[in-house]
Amino acid sequence: MVLSRPLLRLAAALAALAALAALAACSRVTNSPHPAGAESSNTLYTAFTARSPKYLDPTSSYSNDETPYTYQVYEPPYSYHYLKRPYELRPRGAERVVLPRYFDAGGRELPADAPGESIAESVYDIPIRKGILFAPHPAFARDGAGNHVYHAMKREDVDGKYRIADFAATGTRELTAHDYVYAIRRLATPRIKSPSFSLMSEYIVGLKEYGERIAEVDRALRKDLQPTDRDLPMLDFRQYAFAGAEALDDHTLRIRIKGKYPQFKYWLAMTFFSPIPWEAEKFYAQPGMAEKNLTLNYWPVGTGPYMLTEFLENRRHVLERNPNFRGEPYPCEGEPKDAAAGVLADCGKATPFVDRVVFEIEKEAIPLKTKFFQGYYDAPQIERLDVGTGFIVEMADSADKDAEYKAKGIRLPTTIEANTWYLGFNMLDPVVGDGDSPEQSARNRKLRQALSIAIDWEEHLAIFEKGQGVAAQGPLPPGLFGYREDGPAAFNPVVYRKVDGRLERRSIEEAKKLLAEAGYPNGRDEKTGRPLVLNFDYLSALTPAARSLMDWYQKQFAKIGVQLEIRATDYNRFQDKVNKGSHQIYFWGWLADYPDAENFLFLLYGPNAKSLTNGNGENASNYRNKEFDRRFEQMKFEEDGPVKARLIDEMIRIAQEDAVWSWGYFPTSAAAFHQWVFNGKPTQIIRNHIQYLRVDPQLRAQKIAEWNRPIWWPVALIALALIAAVVPALRAYRRRERENAARTLAREAHAGAGE
């Protein structure tokens with residue numbers, strides 16, 4: 001019996017399907033978004049969720065999403081010790097962290113302990129490490145005669161080139177102090193905006209005037225060009241010097257600062273002060289480069305542990321190990337808890353540990369989370385510290401999530417960051433502020449103290465933050481110099497008392513007593529009998545989530561009989577009200593620019609009052625206390641040490657007694673890593689953290705295979721179902737064929753007999 005061609009094809013298809021099912025049953029096929037075998041490579045995989053970073057040029061870069069790239073590529077003079085808290089500066093491009101020398105107005109050198117007001121100039125002579133090399137880059141490439149290969153290109157020479165890898169030749173050279181000088185001069189460039197220029201021009205000697213001069217030079221260079229022209233002649237800062245930044249020799253950088261500004265050392269850990277080689281500026285200034293995004297904003301040039309080798313805009317970015325990087329040992333010291341957390345295990349080993357870092361675009365939260373839990377991302381977003389917090393909240397809300405995340409060994413290291421949220425009182429307000437007499441001032445202070453006791457921030461954290469934070473005792477968060485567990489920064493006696501070494505919130509009865517002494521027994525004005533109604537200015541519109549929060553605030557005030565009216569507006573309107581001083585009670589936050597107590601205490605410094613500086617200050621409460629201000633003016637000139645610690649303690653006690661804020665809370669930051677990622681320690685201050693992360697590719701490959709086993713039984717089941725459906729049809733067909741053949745033979749035999 002011979003089958004027809006359609007049946008042959010059907011039978012062949014069924015056989016192939018059955019073979020596929022059998023083969024699949026014993027194969028290991030994954031749904032990985034990465035190339036085959038990628039999980040076994042020494043690569044860190046993470047994601048970004050918005051557009052590609054806009055500015056990778058260190059002069060202009062200041063956004064959070066840019067830091068995973070800039071701080072891995074560039075090396076400012078200083079950085080921070082990865083593990084120590086309080087934060088400790090350490091050398092990066094510099095040989096050591098230096099103390100400045102001080103001079104008076106006559107140029108005479110002063111002793112290190114000279115009063116701050118007597119210091120006219122601070123001079124930083126910073127030794128730059130010898131032997132540091134820039135990463136390979138075509139800007140440094142030279143031919144056999146020693147000439148730069150790519151410094152005299154024409155537009156046609158750039159045709160077909162869109163990546164740095166499209167230029168075949170590369171080179172390098174040693175980092176020098178001149179590269180840092182070039183970078184500081186470049187802060188004044190009018191061609192891009194540097195967020196640091198305004199402030200630095202007030203401190204670096206001559207920088208403000210230099211900026212005016214460079215603007216004139218740039219206008220002269222552009223005089224024959226159209227405003228829309230992108231091909232601009234090189235603005236060569238080697239030709240234009242100024243006194244505030246100079247190289248004393250190839251490895252000594254001198255920076256001169258007006259007066260005494262101890263916080264300047266923290267600026268030297270920011271990428272604004274990263275070295276920029278003139279060769280890179282020359283390379284990128286050539287015709288046709290800018291229109292193809294061959295600029296420092298896309299292709300940075302640095303000496304750090306990594307270099308950017310792939311930039312697919314809004315799709316994918318890749319950092320690869322800089323082969324010229326000298327290697328730095330992993331730290332051997334940290335906080336007491338670090339040893340137990342396992343982050344000291346790599347003590348002394350050379351960093352960076354990871355060969356490549358791959359950033360893939362993930363525009364939607366669900367696919368990102370799914371791929372993370374499948375193991376295809378080692379960390380969801382390397383620069384975000386709220387991802388881990390969200391996972392912790394999910395685990396608290398769901399026993400299933402808690403079990404799943406623990407089973408997968410997800411690491412969620414947490415820290416209390418240099419960040420605060422607080423409820424403030426406007427001291428210009430006649431009811432909650434300073435008042436117009438000493439007697440009224442004292443009564444208003446008791447009102448603020450009563451409200452501070454009533455507002456239960458521990459409850460707020462439990463309800464709205466799922467326990468992710470700690471109630472603040474003052475303006476200074478943990479991790480900064482001046483914060484001590486046995487000091488004023490960790491204990492506010494106005495709101496708490498100590499019981500057996502623990503903090504216990506004072507009772508509502510004590511708050512009501514203070515309220516009565518303030519002139520509002522049971523929440524009513526003792527003179528008029530009218531209820532006390534206060535206004536709360538909130539910084540966003542009332543969404544459903546915000547309404548529940550506002551209800552909570554009203555209940556807190558109602559504990560002592562005070563009525564709270566909500567005045568919620570959009571953020572721009574809120575800022576306008578605060579700038580004008582037309583607010584009464586408000587809620588706001590602050591994230592540190594640098595890890596120094598000055599960066600938080602200046603929020604309460606009188607001359608910084610917003611309403612008195614047309615909104616230029618950051619003292620939103622318009623708080624003015626002569627004793628606080630006097631100590632602040634002394635403290636801002638002090639280096640870390642006993643004198644500064646004492647002044648910080650005294651300022652915190654003054655502010656606590658005045659109850660200028662209900663101190664709110666310090667939120668928890670949490671990163672998220674898989675079990676095969678080691679040394680993760682979350683922080684918003686330290687940005688060059690990727691070089692300290694280590695992955696175990698073998699463990700990752702094992703877990704990915706375990707968590708993503710192909711499910712092939714449906715294929716086999718479908719094949720069996722098809723076979724079960726087709727075989728009877730085949731049998732029926734064959735039976736009919738046999739019957740037809742028999743009838744045909746019978747007819748032929750009958751016909752033959754008739755003949």
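For reference, positions follow the sequence shown, starting with 1.
Distance alone, capped at 3.5 Å, places no donor-acceptor pair between the K681 side chain and the D338 backbone. A donor-acceptor pair is defined here as one N or O able to donate and one able to accept, closer than 3.5 Å; no such pair exists between the side chain of H148 and the backbone of H151. Put simply, the side chain of N31 never gets that close to the backbone of N708: no donor and acceptor are under 3.5 Å apart. N42 contributes a side-chain N or O that, together with a main-chain N or O of F353, makes up a donor-acceptor pair within less than 3.5 Å. A donor-acceptor pair is defined here as one N or O able to donate and one able to accept, closer than 3.5 Å; such a pair exists between the side chain of S194 and the backbone of T59. Looking only at distances, no side-chain donor or acceptor of R687 sits under 3.5 Å from a matching main-chain atom of Y71. The backbone N or O of F237 lies less than 3.5 Å from no partner atom in the side chain of R186, so there is not a single donor-acceptor pair. Formation of a donor-acceptor pair under 3.5 Å by the N322 side chain with backbone atoms of M307 is not found in this model.
A salt bridge is absent between E66 and K54: the closest approach of a Lys/Arg side-chain nitrogen to an acidic carboxylate oxygen does not fall below 4.0 angstrom. Looking at E75 and R326, a side-chain N of the basic residue comes within less than 4.0 Å of a carboxylate O on the acidic one, giving a salt bridge. A salt bridge is absent between R191 and E281: the closest approach of a Lys/Arg side-chain nitrogen to an acidic carboxylate oxygen does not fall below 4.0 angstrom. Look at D640 and K265 and you find no salt bridge, because none of the NZ, NE, NH1 or NH2 atoms lies under 4.0 Å from a carboxylate O. Of the charged side-chain nitrogens involved, at least one lies within less than 4.0 Å of a carboxylate oxygen, so that R90 and E328 count as a salt-bridged pair. We find that D179 and R173 are joined by a salt bridge, their nearest charged nitrogen and carboxylate oxygen being less than 4.0 Å apart. Salt-bridge formation is not detected for the pair R356/E310: no Lys NZ or Arg NE/NH1/NH2 atom is positioned less than 4.0 Å from an Asp or Glu carboxylate oxygen. Ionic pairing of D696 and K703 is not present here: no N-O contact between side-chain nitrogen and carboxylate oxygen is shorter than 4.0 angstrom.
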Between N419 and Q684, does the side-chain contact (heavy atoms from CB on, under 4.5 Å) criterion hold? Intermediate values first, please.
CA-CA 9 Å; N419 178 14; Q684 290 282 12; over 6 Å; no

Could you please spell out the steps behind the side chain to side chain donor-acceptor pair (under 3.5 Å) verdict for T295 and N297?
CA-CA 5 Å; T295 70; N297 276 330; 4.7 Å; no

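Geometric assessment of K408 against the ring of F373 yields a negative cation-pi assignment under the 6.0 Å and 45° thresholds. For the pair K349 and Y330, the cation-pi criterion (under 6.0 Å, within 45° of the ring axis) is not fulfilled. Within the cation-pi definition used here (under 6.0 Å to the ring centroid, within 45° of the axis), R411 qualifies as a partner of F678.
Across all non-hydrogen atoms, the minimal contact from L296 to A280 is CD2-CB, 4.4 Å. Shown here for P58 and T271, the closest heavy-atom pair between the two residues is CB-O, 3.2 Å. Closest heavy-atom contact between L385 and E417: CD1-OE1, 4.2 Å.
If you look at H674 and F372, their ring centroids are closer than 6.0 Å. Checked against the 6.0 Å centroid threshold, Y261 and Y124 do not count as a close aromatic pair. Side-chain rings of H137 and Y284 approach one another, their centers coming within less than 6.0 Å. The aromatic ring centroids of F134 and F140 lie less than 6.0 Å from each other. Ring-centre distance between Y87 and Y266: not below the 6.0 Å cut-off.
Counting heavy atoms of neighbouring residues, nucleotides and ligands inside a 6.0 Å radius, atom CD of E313 exceeds 12 of them. Counting non-hydrogen atoms of other residues, nucleotides and ligands closer than 6.0 Å to NZ of K282 gives a total of 12 or fewer. Residue Y55 places its OH atom among 12 or fewer non-hydrogen atoms of other residues, nucleotides or ligands, all under 6.0 Å distant. Sparse packing is recorded around CZ of R51, with 12 or fewer heavy atoms of other residues, nucleotides or ligands lying under 6.0 Å away.
T252 places none of its side-chain heavy atoms less than 4.5 Å from the side chain of R254.
Between the side chains of H34 and Y45, no donor-acceptor pair of N or O atoms lies under 3.5 Å. Side-chain contact annotation: Y377 with Q381, donor-acceptor N/O pair under 3.5 Å absent. Q468 and T389 are not linked by any side-chain donor-acceptor pair at a separation below 3.5 angstrom, with hydrogens and angles left out of the test.
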